[in-house]
Student: 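Take this structure first; my questions come after.
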Amino acid sequence: MKIAVLVSGSGSNLQALIDDGIAIDAVVSNVAGAGALDRAAAAGIDSAVFEQSAYADRAARDTALAEWLEARGIGLVVLAGYMHLLTDPFLQRFGGRIVNVHPSLLPAFPGAHAPADALAYGVRWTGATVHLVTAEHAAADTGPIILQEPVALRHDDTVETLHRRIQTAEHALLPRAVRLLLEGRVAVVVGSRKVTIDVPEDLWGED
Ligand code: GRF
């Protein structure tokens, strides 16, 4: 299955996928000059930039982006630090074939500031989540959960130290989740009204 990775930032999660040996067909950024584009170039992966400012609205940009991916035969879209909410035209085409990595144990702390929010709340544990994005789960950081990894907070954590440890967890979790999908071990179940996933027993936790 052909894979595209959507990015906005430094691309350390993209790098984790590359280092894991997962074949990536395209990298797309909504930010020109994002560090992730350099990582794509270094790995010889085609990339493109779809900046919001070049389009009339979000829907127009997302339609162009979806058509670009469809023209390349992309079957799975990985959101690796992609910091824009995808709109309906994109979700109607790729919903259920999109995975997102998020720096918290969802459903706690969705949004763009998850490590800071966890620190401010004073939780003892947060972590990383990889989940499916479907057309029914258009809200940010919602959708059936594939894998999660807890990360303990330390008494002297700053947002930076905490986020660094969460990212270490993300870098292990994201390639693992993508492989599970590619191998068909986590099945995406398309029902008449919603998309769910079937996660095998050995991926559930034990006491
Ligand atoms: C990651 O922590 C991701 O979960 C969050 O933004 C960060 C992106 O980092 N949404 P990178 O671009 O993969 O280095």
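Remember, it's 1-based here, ligands and their atoms both numbered in the order they're listed. Note that these values count all heavy atoms, side chains included, but never hydrogens, waters or copies made by symmetry.
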Student: Which residue owns the protein heavy atom closest to atom 1 (C) of ligand 1, what's the atom, and how far is it?
Tutor: Glu170 OE1, 3.2 Å
Student: Can you name the atoms of ligand 1, numbered from 1 with element, that are less than 4.0 Å from a heavy atom of Met83?
Tutor: 10 (N)
Student: Looking only at protein heavy atoms, identify the closest one to atom 6 (O) of ligand 1 and say how far it is in Å.
Tutor: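 Looking at atom 6 (O) of ligand 1, the protein heavy atom closest to it is Gly81 CA, 3.9 Å.
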Student: If the contact criterion is a heavy-atom separation under 4.0 Å, does Val101 count as touching ligand 1?
Tutor: yes
Student: Among all protein non-hydrogen atoms, which one is nearest to atom 12 (O) of ligand 1, and what is the separation to 0.1 Å?
Tutor: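 For atom 12 (O) of ligand 1, the nearest protein heavy atom is Gly11 N, 2.8 Å.
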Student: Who else is in the cluster with Val77 when I, L, V, M, F, W and Y are joined by side-chain contacts under 4.5 Å?
Tutor: Leu6, Val28, Phe50, Tyr55, Leu65, Trp68, Leu69, Ile74, Leu79, Tyr82, Leu86, Phe90, Leu91, Phe94, Ile98, Val133
Student: Could you tell me whether His102 and ligand 1 have an N or O pair separated by under 3.5 Å?
Tutor: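 In this structure, His102 places no N or O atom under 3.5 Å from an N or O of ligand 1.
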Student: Using 4.0 Å as the upper bound for N to carboxylate O, is an ion pair formed by Glu67 and Arg93?
Tutor: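 Yes, charged N to carboxylate O under 4.0 Å.
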Student: Identify whether the distance between the nearest side-chain nitrogen and carboxylate oxygen of Asp19 and Arg39 falls below 4.0 Å.
Tutor: no
Student: I'd like to know if Asp46 and Arg72 make a salt bridge, using a cut-off of under 4.0 Å between side-chain N and carboxylate O.
Tutor: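 Looking at Asp46 and Arg72, the cut-off is not met.
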Student: Could I get the full list of side chain to side chain contact (heavy atoms under 4.5 Å, CB included) partners for Asp157, not counting sequence neighbours?
Tutor: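 Expected list: Leu119, Leu153, Arg154, Thr161, Leu162, Arg165.
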Student: How far is atom 5 (C) of ligand 1 from the closest protein heavy atom, and which atom is that?
Tutor: Pro103 CD, 4.0 Å
Student: Do we see a donor-acceptor contact under 3.5 Å between the side chains of Thr129 and His131?
Tutor: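 His131 and Thr129 do not have a side-chain donor-acceptor pair below 3.5 Å.
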Student: In terms of residue, atom name and distance, what is the protein heavy atom nearest to atom 7 (C) of ligand 1?
Tutor: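 For atom 7 (C) of ligand 1, the nearest protein heavy atom is Gln167 NE2, 3.6 Å.
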